[in-house]
> 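Please see the structure below; I have some questions.
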Amino acid sequence: MGIFGIGTDITSIARVSGVITRWGMKFIKKVLHPKELDLVHNKSPLWIAQFVASRWSYKEAAWKAFGGGNNRVFFTDLYIEKELNGRPILRFDGRAKELASELGITSTHVTISHEQDFTVTTVILEKQDA
């Protein structure tokens with residue numbers, strides 16, 4: 001396998017919190033996949049801001065790993081599932097799934113870290129060597 005793309009993003013939790021305060025669920029629904037959206041119910045505003053910021057960050061990183069620009073990836077087509085050990089796994093849906101298949105993406109690696117007011121994420125996409 002070889003690396004197809006690498007993307008990194010840093011996101012301000014305070015900035016995301018401000019956008020959520022202004023736009024509420026309208027913004028959240030534009031960022032989160034339906035499987036992620038189910039996780040924000042009955043949570044504190046701080047928890048929601050941190051969660052949405054981390055999701056925004058890995059989606060930006062994934063978009064960059066796909067090559068950025070006009071790559072047809074919507075944020076709502078990406079989501080994270082966790083393995084039993086807590087390791088995040090990037091999953092594709094919709095257009096992102098189609099694009100990953102077209103490009104031969106066979107494996108993903110994600111790391112998400114939080115530090116006070118920021119979340120930083122790196123995504124690596126691998127594809128089968130020709």
Side-chain angles (χ1 to χ4, degrees):
M1 278 199 253
I3 293 176
F4 172 81
I6 300 172
T8 299
D9 186 72
I10 185 168
T11 300
S12 164
I13 296 168
R15 183 171 181 221
V16 169
S17 180
V19 174
I20 292 171
T21 298
R22 182 170 182 191
W23 296 102
M25 287 303 292
K26 185 175 181 178
F27 171 73
I28 293 171
K29 287 179 179 180
K30 288 186 179 283
V31 174
L32 300 183
H33 183 276
K35 289 183 179 185
E36 296 171 320
L37 197 55
D38 290 341
L39 302 174
V40 300
H41 297 295
N42 300 317
K43 302 292 186 188
S44 73
L46 177 59
W47 188 94
I48 292 171
Q50 290 172 333
F51 182 80
V52 173
S54 70
R55 274 24 189 192
W56 177 278
S57 185
Y58 88 75
K59 291 170 190 231
E60 273 285 326
W63 180 79
K64 292 170 185 174
F66 269 115
N70 189 16
N71 63 23
R72 306 180 323 218
V73 174
F74 294 132
F75 278 14
T76 53
D77 289 341
L78 303 167
Y79 63 100
I80 291 282
E81 289 185 333
K82 290 190 178 182
E83 291 185 337
L84 292 177
N85 65 4
R87 177 179 175 244
I89 302 295
L90 177 60
R91 300 287 187 209
F92 306 121
D93 205 0
R95 289 182 174 193
K97 189 174 187 176
E98 292 171 10
L99 183 60
S101 179
E102 286 173 23
L103 297 172
I105 304 300
T106 56
S107 184
T108 67
H109 306 276
V110 179
T111 180
I112 303 171
S113 294
H114 305 277
E115 177 58 34
Q116 295 180 357
D117 294 331
F118 295 94
T119 183
V120 63
T121 309
T122 299
V123 170
I124 299 172
L125 303 178
E126 288 186 294
K127 69 181 227 172
Q128 193 69 37
D129 290 331

> Side chains of V16 and T11: does their closest heavy-atom pair fall under 4.5 Å?
yes
> Shared ILVMFWY cluster between I20 and L39, side chains joined below 4.5 angstrom?
yes
> Start with the C-alpha distance between V123 and I6, add both sets of side-chain angles, then the distance that settles side-chain contact (heavy atoms from CB on, under 4.5 Å), and finish with yes or no.
CA-CA 6 Å; V123 170; I6 300 172; over 6 Å; no
> Output yes when K97 and D77 qualify as a salt bridge under the 4.0 Å nitrogen-oxygen rule, no when they do not.
no
> Might you confirm whether atom CD of Q116 has over 12 heavy atoms from other residues, nucleotides or ligands at distances under 6.0 Å?
no
> I need the single residue from R91, K59, K29 that forms a salt bridge (charged side-chain N to carboxylate O under 4.0 Å, His left out) with E36. Which is it?
K59
> The test is side-chain contact (heavy atoms from CB on, under 4.5 Å); show your working for L90 and L125 and say whether it passes.
CA-CA 10 Å; L90 177 60; L125 303 178; 4.2 Å; yes
> Taking the side chain as every heavy atom from C-beta outward, state whether I10 and T119 have any atom pair closer than 4.5 Å.
no
> Taking C-beta and beyond as the side chain, do I105 and F92 meet within less than 4.5 Å on heavy atoms?
yes
> Should we count CG of N42 as having more than 12 external heavy atoms under 6.0 Å?
no
> Is any side-chain heavy atom of F66 closer than 4.5 Å to a side-chain heavy atom of L99?
yes
> When you check the gap from the basic side-chain N to the acidic O, do R55 and E60 get nearer than 4.0 Å?
no
> Check the side chains of T8 and T122 for a donor-acceptor pair under 3.5 angstrom, ignoring hydrogens and angles.
yes
> Just so I know, are the side chains of T121 and V110 near enough to count as touching, which here means a heavy-atom distance under 4.5 Å?
yes
